[in-house]
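Quick caveat, the model's predicted, so the values are computed rather than measured. Just follow the structure's listing: the first ligand is 1, and inside any ligand the first atom is 1.
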Amino acid sequence: MRTISIMFPNVFCFVLVLVFIGCANGQAEQRLLNKLACIDNEECGACLSAAPHCRWCADPYYSSAAPRCNDDESLVQSGCSQGMIQRPALPVWEVVANNSLQDVLPDSLENVVQIQPQKLRISLKPRETRKVQFSYRPAKNYPLDLYYLMDLTWSMKDDKETLVTLGDDLSVTLKNLTDNFRLGFGSFADKPLMPFISMDAKRRANPCAMEEHQCEATYNYRHHLSLTDQVQEFIKNVNTSAVTANLDNAEGQLDALVQAIACGERVGWSTHSRKIVILLTDGSIHTAGDGKLAGATRKNDGECHLDDNGYYADSVIFDYPSIEQVYRLLDKHKVNVIFAVTDSVKSYYDNLHQLLEDFTYVAKLESDSSNILKLVKMGYEDIASVVDFEDDSSLGPVKIHYFTDCGVKGGSLMETTRCTGVEYGMTLNYEAHISLDSCPEYKKMTQTIRIAESQLGQDSLTVEVEIQCGCDCEGDLVKDMSLTCPTNSHLVCGVCQCNKGWSGPQCDCSIENEAASAALVAQCREPNATRSRVCSGAGECVCGKCDCDPGYSGRYCHCKACERSIENGVECGGVGRGTCICGQCACAEGWGGAACDCPDRTDSCVAPGSDLICSGHGECVCGKCQCSARKDADGIKYTGAFCETCATCENPLCMTAEPCVVCHLNSSCVDVCSIGPVNYTVSERLDGNELLKNGEISCILRRDKDGQECEYKYTYTAATSSLVAMEIVIRSVECYQPTGARLMTSGLVIMAIVVAAGLVVILAVKSGQIVSDRRAYAKFVKEAQESRRNMQMQEMNPLYISPISEFKMPEAYPRDKND
Ligand SMILES: *[C@@H]1O[C@H](CO)[C@@H](O)[C@H](O)[C@H]1NC(C)=O
Ligand SMILES: *[C@@H]1O[C@H](CO)[C@@H](O)[C@H](O)[C@H]1NC(C)=O
Ligand SMILES: *[C@@H]1O[C@H](CO)[C@@H](O)[C@H](O)[C@H]1NC(C)=O
Ligand SMILES: *[C@@H]1O[C@H](CO)[C@@H](O)[C@H](O)[C@H]1NC(C)=O
Ligand SMILES: *[C@@H]1O[C@H](CO)[C@@H](O)[C@H](O)[C@H]1NC(C)=O
Ligand SMILES: *[C@@H]1O[C@H](CO)[C@@H](O)[C@H](O)[C@H]1NC(C)=O
């Protein structure tokens with residue numbers, strides 16, 4: 001939409017912009033930027049949304065060349081009549097209904113209150129976030145509507161008989177869960193169509209003929225008993241219900257489920273109750289498409305089709321429902337389903353549970369249903385222990401983030417909607433951060449948001465958000481006929497605004513007829529800029545107006561988007577911190593940095609109980625400590641949010657926190673303890689798998705507990721609300737035998753190991769010696785034998801001729817007497 005001034009074109013203010021940016025610097029620059037935040041805007045809504053100090057002159061007789069969007073003072077100076085100055089609407093915060101939490105009273109189920117407050121009216125400006133706190137407490141004795149949906153095919157005959165015998169036990173078990181329960185009963189088999197049943201006339205009339213038993217003709221679903229608090233009535237109905245049979249193992253569970261839920265009036269579901277269907281079966285399911293096989297081709301419509309006798313007769317026309325249809329129906333009516341199934345098909349239902357996770361619970365049914373009561377109790381407790389919130393904010397521009405303590409006393413808030421392990425009597429504190437990024441349109445509007453617990457969907461918190469994007473002058477009618485706007489335009493807040501479908505400075509450019517608008521392209525070039533491109537090359541020229549690409553703004557798309565705060569992701573830190581002016585953030589007092597997310601103050605850098613900035617070991621930069629290294633030692637760096645400790649230092653914050661942890665661990669001590677001006681809260685989150693966040697320091701406390709020595713690791717953080725409150729979270733506990741005993745046992749073990757090792761070594765050496773001696777001896781013996789054998793061999797060789805010649809002197813030969 002394009003606006004034009006009656007008297008003057010708005011070129012003047014652009015000259016002003018250029019001159020101001022050129023000459024301003026430092027603090028003066030910030031002041032001028034603040035002024036510049038306004039003057040570029042040509043519509044009342046855009047003007048008031050630009051910055052908190054911007055005002056709009058809606059005076060139709062305003063004749064000054066000065067811009068209509070400016071600060072209060074400038075507008076009065078340039079002759080705008082006081083009464084016609086549009087100011088931002090005042091913030092709204094109204095608690096419309098805030099009744100206290102209320103458990104169920106015996107005589108009035110209507111007065112139960114589980115969520116507080118119930119209705120708020122607030123306002124939101126663009127880039128603003130508001131925090132709404134609410135509590136949720138599951139009410140004791142909340143009404144329970146329990147509908148038994150039973151597979152009555154032949155194989156479930158014994159299960160039916162078991163249920164009949166339970167009688168009183170059933171009412172005792174349910175009474176233990178809630179005082180206000182009601183029971184209903186329905187049964188199902190399958191569509192009476194081929195091939196699910198036999199078409200033989202005799203078998204059709206009595207499908208149990210094979211078992212030589214009389215039973216009812218096959219039906220798909222039958223509603224027997226509407227929800228009632230008369231347990232005897234329920235038992236009687238189960239007892240009189242007849243068993244039937246079909247051929248295949250898959251049944252029409254989903255058909256029955258859809259009818260039981262969709263026929264709300266027949267079944268008698270109450271608006272204020274937890275609704276549970278317990279579905280007992282031993283067969284798998286037929287889903288959408290299976291019906292086509294039998295000629296039931298019409299798509300399931302998810303509506304109620306019960307006849308006067310409670311039968312789902314149209315089941316022969318409609319196909320089975322799809323899983324997705326069932327999911328939507330469960331979500332719409334907030335019904336939970338407990339699948340009590342036999343072992344043989346349990347894995348099948350586990351897979352189904354993955355698809356219908358929020359609304360189903362699967363439990364193993366003994367083949368004769370003997371554990372059915374335990375199952376009901378477990379299923380109910382599982383369903384009731386989950387609390388989850390949902391809202392319908394996606395229908396409008398408002399966004400919501402949820403934080404909760406999940407009922408942990410004094411615990412810190414985590415960003416989630418879902419809490420598990422909730423018990424009756426616990427109060428869950430929630431904080432909803434409701435925010436508006438930017439105006440979808442510069443118009444006044446309200447968005448009504450319903451925040452409700454998603455399991456029950458009954459109690460809710462309604463937040464009416466007034467979206468402050470427009471002006472009060474929009475509907476004003478001006479009687480003076482001398483004030484005429486060009487054709488195709490009308491007067492809005494003192495200026496002529498083109499009608500829908502028209503654009504251009506004289507509203508003569510039809511948005512449909514773009515060919516005629518070629519002359520207007522020139523207006524999309526920034527005047528007197530050195531290399532002026534159409535819309536600075538970052539947008540499209542439409543009827544003389546730039547349609548900027550995402551991330552660019554300004555009349556000629558010459559402004560880049562401003563930096564977003566790392567902390568909250570909003571441009572220039574959001575309302576109250578800074579304003580985006582053509583790519584630059586103009587920060588409010590007390591804030592600095594490129595995205596106005598650095599507080600000028602340094603108190604967030606001062607550790608509780610200290611008065612030194614960053615414990616004297618660092619600098620406070622942008623509200624956070626940047627720690628230096630130790631001067632004396634070998635350059636070890638100080639760490640912690642306040643540079644309070646280092647690898648070899650004692651941590652003063654651990655020491656001050658320790659008495660509180662000790663107190664917390666002693667049951668005769670209260671949880672909140674204060675040391676000096678600082679309040680400490682201690683909570684435990686022993687999930688173990690939670691890693692320390694970046695920069696988080698953990699402290700260790702060693703204490704005796706039940707004769708064991710325990711090591712508690714805990715972390716501390718400044719509470720979100722203020723620095724004079726600290727939150728301590730115990731993260732892990734490990735216990736050992738006492739040190740003395742441990743030392744002695746470990747000493748003995750070490751000694752034993754040393755002795756054993758010595759023995760092993762000696763044995764090894766000794767046996768090594770023995771082995772090698774034996775080997776050497778054996779070798780020697782072998783060699784000796786071999787050489788002896790060789791010698792014998794040599795003598796026996798027939799070719800061998802001994803080199804020794806032997807001669808014998810005849811004995812008779814006389815010896816020389818001289819020899
Ligand atoms: C609702 O009332 C309670 C006291 O009953 C108060 O503590 C709480 O702040 C009120 N809630 C709101 C939103 O004003
Ligand atoms: C009823 O509940 C209490 C505790 O909640 C339990 O101790 C008791 O055994 C339950 N009784 C039956 C019959 O389940
Ligand atoms: C169930 O019905 C049979 C007859 O059909 C009757 O004998 C029996 O007492 C009934 N059981 C209960 C618990 O009502
Ligand atoms: C553009 O600059 C010329 C001289 O450089 C000047 O005469 C003219 O007024 C300027 N136009 C605008 C719109 O600033
Ligand atoms: C718990 O605190 C009480 C007093 O506050 C003290 O007498 C007692 O010794 C403490 N118990 C332990 C185990 O420290
Ligand atoms: C500390 O706790 C006490 C009692 O709970 C309270 O009165 C006091 O205001 C708290 N101080 C701070 C700084 O929160």
Close side-chain approach of Asn429 and Tyr136, heavy atoms under 4.5 Å: no
Sub-4.0 Å atoms of ligand 1 with respect to non-hydrogen atoms of Asn98: 1 (C), 2 (O), 3 (C), 8 (C), 10 (C), 11 (N), 12 (C), 14 (O)
Where at least one partner belongs to residues 460-470, residue pairs that pass salt bridge (charged side-chain N to carboxylate O under 4.0 Å, His left out), sequence neighbours excluded: Lys119-Glu464, Arg121-Glu464
Ligand-side contact atoms (ligand 1) for residue partner Gln116, heavy atom cut-off under 4.0 Å: 1 (C), 2 (O), 3 (C), 5 (O)
Compile the donor-acceptor pairs under 3.5 Å between side chains in residues 269-279 and protein atoms, sequence neighbours left out, one pair per line.
from, atom 1, to, atom 2, distance (Å)
Trp269, NE1, Ala260, O, 3.0
Ser270, OG, His272, N, 3.0
Ser270, OG, His272, O, 3.4
Ser273, OG, Asp145, OD2, 3.0
Ser273, OG, Ser270, O, 3.4
Lys275, NZ, Ser270, O, 3.3

Between Ser187 and Tyr148: side-chain donor-acceptor atoms closer than 3.5 Å: no
Asp255 vs Lys191, salt bridge (Lys or Arg N to Asp or Glu O under 4.0 Å): CA-CA, chis, key distance, verdict: CA-CA 9 Å; Asp255 259 342; Lys191 290 189 194 296; 2.7 Å; yes
Neighbour list for ligand 3 [protein residues, heavy atom under 4.0 Å]: Val164, Asn239
Atoms in ligand 1 with a heavy atom of Pro117 nearer than 4.0 Å: 13 (C)
Parallel, tilted or perpendicular, as decided by the 30° and 60° cut-offs, for the rings of Phe389 and Phe134: perpendicular
For Glu415, all residues meeting side chain to side chain donor-acceptor pair (under 3.5 Å), sequence neighbours excluded: His401
